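In what follows, a single structure is set out as structure tokens and then discussed.
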Amino acid sequence: MTGRLDRWERLLERQMAAAPYVLLGTSAVLSTLMDGTSWVMLALVALAAVWIWLVPRGVVYVAGLVALIGALCTQGLWFASFFGFAGYLHSWQYLKGKWRFAGVAATAAISVVTYNGGLPDPTPAGILTFLFFTAAIVALVGLFSFVGEITAERSAERKRMVAQLEAAMKENAGLHAQLLVQAREAGVLDERQRMAAEIHDTLAQGLTGIITQLQAAHRTEEWRRHVDNAIRLARESLAEARRSVHAVGPGQLEAAPLPDALAEVVAQWGELNGVRADLTITGTVRPMHPEVEETLLRTAQEALANAAKHAGASRVGLTLSYMEDVVTLDVRDDGAGFDPERVGDGGGFGLTSMRKRVSRVAGTLEIESEPGSGTAISASVPAVARG
């Protein structure tokens, strides 16, 4: 629609530029056919065409054009009938303020005199008739020209709005491209963080357990049991690494519900580290969303890994509580503890990973600890049912 209107406007501009020549030629042809040809008329027609073509638009141009109209009207009535319109159009288009009405009035006066066959009679009736027709022409030209100006202003306003809209669309396209780049970078960062957390929760903890078992094998005659444990940890870590690469949940949750998977994790951790570990289940057990269960399982694994690596605990207790709106996991140990303020809000990578996992499912993580008084970790997540 906009393209069609633009084409129409360009066509109208070309027609307005050609209109004076068309009106001049039409007047000359009709005058020649009706009144015959004269060298004076042809000379004036040629002068008028050159004047319209070469003279810059302004007061001088309009004054000369009106004078040429008056001269040509002496050669034939047809110049007042057709070429006179060029005087109206260009007077209104190229003059400003009151000068517009002066140019239109001069052209109208010439046309009225030409139609009357000469100057009006020096009588009140003749003068009033001349003034009436001149004023009527000026009023009509002014009215239609004013309407044309309103239309032109509307058109100019529409062009400005279209230009602003195009600029806004270009800006939006740039912003869209920028957002795509940022979203791609955010996706890459999220994937890196996910892989880092998975590596920490699987490979790092598995390798730590392997090292612990191999060191224990050096210190005892029952080395075969520790080596077997190390081999089992290596195989489990390799399987978990493969699952992490394919963004698959923990293997324990595929084989058993969350309470059973937690019980297996707690039993294996207690056996490997020689520390008493107890799991208590409260509330009505029901299947939760896979991401909720994975978050709780990974939180338990990280808390147990920290207890084995840093706490030197002799006893660890885990409580999984199913409530109406939330599911909570509490992990407490009687180990060395630490000062949370000295560690910082984020803590080490393990605590940071734990916080991010819990917050990703709109949960909360609280850590309470004091040097020599053990550590208590509580994760609370929404009870989003499976399916």
Side-chain angles (χ1 to χ4, degrees), residues 187 190-191 193-206 209 232-233 235-272 276-308 316-333 350-367 375-387:
D190 286 344
E191 182 61 17
Q193 292 177 346
R194 185 190 73 82
M195 289 301 300
E198 291 292 337
I199 290 172
H200 178 272
D201 293 343
T202 56
L203 290 180
Q205 293 180 9
R232 179 172 56 81
L233 284 172
R235 288 173 176 170
E236 291 177 355
S237 298
L238 178 59
E240 288 298 318
R242 289 171 175 169
R243 299 176 68 84
S244 297
V245 169
H246 295 91
V248 181
Q252 296 93 332
L253 292 176
E254 269 198 355
L258 177 60
D260 295 342
L262 270 178
E264 180 183 355
V265 168
V266 170
Q268 289 182 359
W269 181 88
E271 180 183 352
L272 289 173
R276 179 181 174 182
D278 301 317
L279 173 63
T280 303
I281 310 294
T282 65
T284 302
V285 177
R286 55 194 186 276
M288 293 289 109
H289 189 278
E291 192 170 356
V292 171
E293 293 189 345
E294 180 181 351
T295 298
L296 293 173
L297 181 66
R298 293 302 191 197
T299 301
Q301 290 175 325
E302 177 62 28
L304 290 172
N306 288 340
V316 178
L318 291 83
T319 302
L320 179 63
S321 302
Y322 287 87
M323 290 174 271
E324 183 177 354
D325 297 328
V326 297
V327 181
T328 62
L329 174 68
D330 298 307
V331 183
R332 293 178 175 83
D333 66 66
L351 295 180
T352 302
S353 175
M354 206 185 304
R355 289 186 186 279
K356 287 183 177 180
R357 280 188 180 278
V358 173
S359 63
R360 194 177 299 152
V361 294
T364 58
L365 182 72
E366 297 181 359
I367 300 174
T375 301
I377 296 177
S378 178
S380 177
V381 296
V384 181
R386 186 185 298 268

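The structure displayed is predicted, hence computed values, not measured ones. No hydrogens, no waters, no symmetry mates; every other heavy atom, side chains included, goes into these values.
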Spacing of [X] atom [atom1] and [Y] atom [atom2] [to the nearest 0.5 Å]:
{"X": "Ile367", "Y": "Thr375", "atom1": "CD1", "atom2": "OG1", "answer": "8.5 Å"}
{"X": "Leu258", "Y": "Arg386", "atom1": "CG", "atom2": "CZ", "answer": "9.5 Å"}
{"X": "Gln268", "Y": "Gln301", "atom1": "CD", "atom2": "CD", "answer": "9.5 Å"}
{"X": "Leu320", "Y": "Leu329", "atom1": "CG", "atom2": "CG", "answer": "6.0 Å"}
{"X": "Leu296", "Y": "Glu291", "atom1": "CG", "atom2": "CD", "answer": "11.0 Å"}
{"X": "Asp333", "Y": "Leu318", "atom1": "CG", "atom2": "CG", "answer": "10.0 Å"}

Where [X] and [Y] come nearest, the two heavy atoms and their spacing:
{"X": "Thr295", "Y": "Arg357", "answer": "CG2-O, 3.7 Å"}
{"X": "Pro259", "Y": "Leu279", "answer": "O-CD2, 3.8 Å"}
{"X": "Arg286", "Y": "Ala383", "answer": "NH2-CB, 3.8 Å"}
{"X": "Ser380", "Y": "Val358", "answer": "O-CG1, 4.2 Å"}
{"X": "Thr284", "Y": "Tyr322", "answer": "O-CB, 3.3 Å"}

Indicate yes or no for a side-chain donor-acceptor contact from [X] to the backbone of [Y] under 3.5 Å, with no hydrogens or angles considered.
{"X": "Arg332", "Y": "Asp330", "value": "no"}
{"X": "Trp269", "Y": "Ala277", "value": "no"}
{"X": "Glu293", "Y": "Met288", "value": "yes"}

Begin from the C-alpha positions of Met354 and Ile377 and carry the test side chain to side chain contact (heavy atoms under 4.5 Å, CB included) through to its verdict.
CA-CA 10 Å; Met354 206 185 304; Ile377 296 177; 4.0 Å; yes
With side chain to side chain donor-acceptor pair (under 3.5 Å) as the criterion, how do Thr319 and Thr280 come out once you've worked through the C-alpha distance, each side chain's angles and the decisive distance to 0.1 Å?
CA-CA 5 Å; Thr319 302; Thr280 303; 4.6 Å; no
